[in-house]
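Data block below; observations after.
In what follows, every heavy atom counts, from backbone to side chain, and hydrogens, waters and symmetry copies are set aside. Every chain is numbered from 1 and lettered A, B, ... according to where its sequence line falls, protein lines coming before strand lines.
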Amino acid sequence: MPELPEVETVRRGLEPWVKGKKIKSIEMVHKGGNRSSTFAPITTVQDARILELKRRGKFLWFQLNRDLALVAHLGMSGQFLIQPKKADDEKHLRVRIDCGDRKKEIRFIDQRTFGWVAIDELVEVDGEWIPRSFARIAPDIFDPKFDAKKLIRKIANKKSAIKRVLLDQTVMSGVGNIYADESLWRARIHPERMANTLSEDEVKTLLSSVKKVMTKALKQGGTSFDALYINVNGESGYFAVELEAYGREDEPCSRCGSFIRRIVFGNRSSHFCPNCQKNLKKSGAKRG
DNA sequence: CTTATGACCTGCAAGC
DNA sequence: TGCTTGCAGGTCATAA
């Protein structure tokens, strides 16, 4: 569910509850997805101090005063909530963290179990120590390490539909199904266009669309369709009302009035305007 | 190496 | 009122 703007909204909401705090207790109430690292039991970080709450792409990472990190991924339905300690356990409660507040605790809740919280070891990448779980993903578009030139070259060599490339976290992280469709709509590029047929200008337009769409979404607290994505205080995000393509099948395009279409490829839905976002006849890769 | 596919899991809505 | 089918914000192992 959550893409970069939603994960960042959660990070900002959670930060004041954890930054500089000591982990008084941490408990795996119910095992989450089978992706959880088995590097160490979660209670290993008890008594550690949380120095920073960081994010790369869709991964959250609690930086500790240890050689270990506490890592979290929300998957499709994971959420962090600040709850009263005396509130009943939620049906899908996975992890409970007490950071010393007298009345409140942090809960990780996840209906679909694709999310997880785990201990991870640190590895060095580009002179920076980051958790092994996401050491291979590329920087996201807001990361100071984001290198547009390098990315443009990478995309130019991809023999795959541009939508797939946008979703590939090792190319650029943070983009998911909603913001891929929204960015492509904004850049007037068909999701099935082969990446290596895009001109440099088209790729630049696309990247600035990704940034623009995500910046706007972040200002609205992300996109909520239901209770599966909410901020740590239970509030929804309000970007859904501004969506132009995603989830708008058979509704008119706000630019030209044509009806938005939904197609399925790569096991995902793609929404686009058939008039504004035309696919080129496959002429193959450029020669020479 | 690259790219494509389906598996993982729960719950909801629509159609019969 | 069931039952079945399809769909959902993501990632990963495996196959080709």
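- Note: CG (A/L4) to P (C/dT11) measures 11 Å, nearest angstrom.
- Per the geometry, CG belonging to A/L60 stands 12 Å off P belonging to C/dT11, to the nearest Å.
- Of all heavy-atom pairs between A/A156 and A/N196, the closest is O-CB, 3.2 Å.
- Nearest heavy atom pair, residue A/V175 against residue A/Q169, reads O-NE2, 3.0 Å.
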Grab the N/O contacts between the protein and nucleotides 14-16 of chain C below 3.5 Å, and write none if there aren't any.
none

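- For the OP1/OP2 pair of C/dC7 and a distance below 4.0 Å, the side-chain nitrogens and oxygens of A/R262 include at least one atom meeting the criterion.
- Within 4.0 Å (heavy atoms only), A/T223 reaches at least one base atom of the nucleic acid.
- Side-chain N/O atoms of A/R136 include one lying less than 4.0 angstrom from OP1 or OP2 on C/dC12.
- When rounded to the nearest whole Å, the span between CZ of A/R164 and P of B/dA4 equals 5 Å.
- Between the side chain of A/D120 and the backbone N or O of A/S133, at least one donor-acceptor pair lies under 3.5 Å.
- Note: CG (A/L167) to C1' (C/dT11) measures 11 Å, nearest angstrom.
- DNA chain B lies under 4.0 Å from at least one heavy atom of each of the following residues of residues 153-160 of chain A: A/N157, A/K158, A/K159, A/S160.
- Ring stacking holds between A/F114 and B/dC8, with the centres under 5.5 Å apart and the planes within 30 degrees of each other.
- For A/E6 against A/T223, the heavy-atom pair with the smallest separation is OE2-N, 2.8 Å.
- Of the residues in residues 208-217 of chain A, none has a non-hydrogen atom less than 4.0 angstrom from any atom of DNA chain C.
- Here the side chain of A/N65 pairs a donor or acceptor atom with the backbone of A/R49 at under 3.5 angstrom.
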Paired and unpaired positions of DNA chain C as dot-bracket, Watson-Crick or G-U wobble under 3.5 Å, | denoting a partner strand: .|||||||.|||||||
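- Proximity of A/F239 to A/P5: side-chain heavy atoms (C-beta onward) are nowhere separated by under 4.5 Å.
- Residues A/F272 and A/P274 approach most closely at O-CD, 3.5 Å, considering heavy atoms.
- The distance between atom CH2 of A/W116 and atom C1' of C/dG10, rounded to the nearest whole Å, is 12 Å.
- A/M76 places its CE atom 14 Å from the P atom of B/dC9, with the value rounded to the nearest Å.
- The list of ring pair (Phe, Tyr, Trp, His ring centres under 6.0 Å) pairs with a residue in residues 123-161 of chain A, not counting sequence neighbours, reads A/F59-A/F134.
- Between the side chain of A/E244 and the backbone N or O of A/E182, no donor-acceptor pair lies under 3.5 Å.
- Summarising the geometry, the separation between NZ on A/K163 and P on C/dG10 is reported as 9 Å, rounded to the nearest angstrom.
- Under 4.0 angstrom from either OP1 or OP2 of C/dG10 there lies no side-chain N or O belonging to A/Q169.
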Got a list of protein N/O to nucleotides 10-14 of chain B N/O distances below 3.5 Å?
| unit_1 | atom_1 | unit_2 | atom_2 | d |
| --- | --- | --- | --- | --- |
| B/dG11 | OP1 | A/K91 | NZ | 2.9 |
| B/dG11 | OP1 | A/H92 | NE2 | 3.0 |
| B/dG11 | O4' | A/Q111 | OE1 | 3.4 |

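- Formation of a donor-acceptor pair under 3.5 Å by the A/K85 side chain with backbone atoms of A/D101 is found in this model.
- Positionally, the nearest nucleotide of DNA chain C for A/V264 lies more toward the 5' end than for the other of A/R268 and A/V264.
- Counting all heavy atoms, side chain and backbone alike, A/I230 lies closest to A/V10 at O-CG2, 4.3 Å.
- Both A/N267 and A/D168 lie near DNA chain B, and the one whose nearest nucleotide falls closer to the 5' end is A/D168.
- Pairing each heavy atom of A/L14 with each of A/L53, the nearest pair is CB-CD2, 3.7 Å.
- The closest donor-acceptor contact from the side chain of A/R66 to the backbone of A/T44 lies under 3.5 Å.
- The nearest whole Å value for the distance from the CZ atom in A/F225 to the P atom in C/dC7 is 16 Å.
- At least one donor-acceptor pair under 3.5 Å links the side chain of A/D226 to the backbone N or O of A/L228.
- With C1' as the reference atom, C/dG6 and B/dG6 are 16 Å apart, rounded to whole Å.
- Side-chain atoms of A/S258 never come within 3.5 Å of backbone atoms of A/C273 as a donor-acceptor pair (strictly under, hydrogens ignored).
- Of the possible donor and acceptor atoms, one in the side chain of A/E3 sits under 3.5 Å from a partner among the backbone N and O of A/I178.
- The side-chain hydrogen bond (donor to acceptor under 3.5 Å, both in side chains) test with A/Q83 singles out one residue from A/R96, A/R107, A/E90, and that residue is A/E90.
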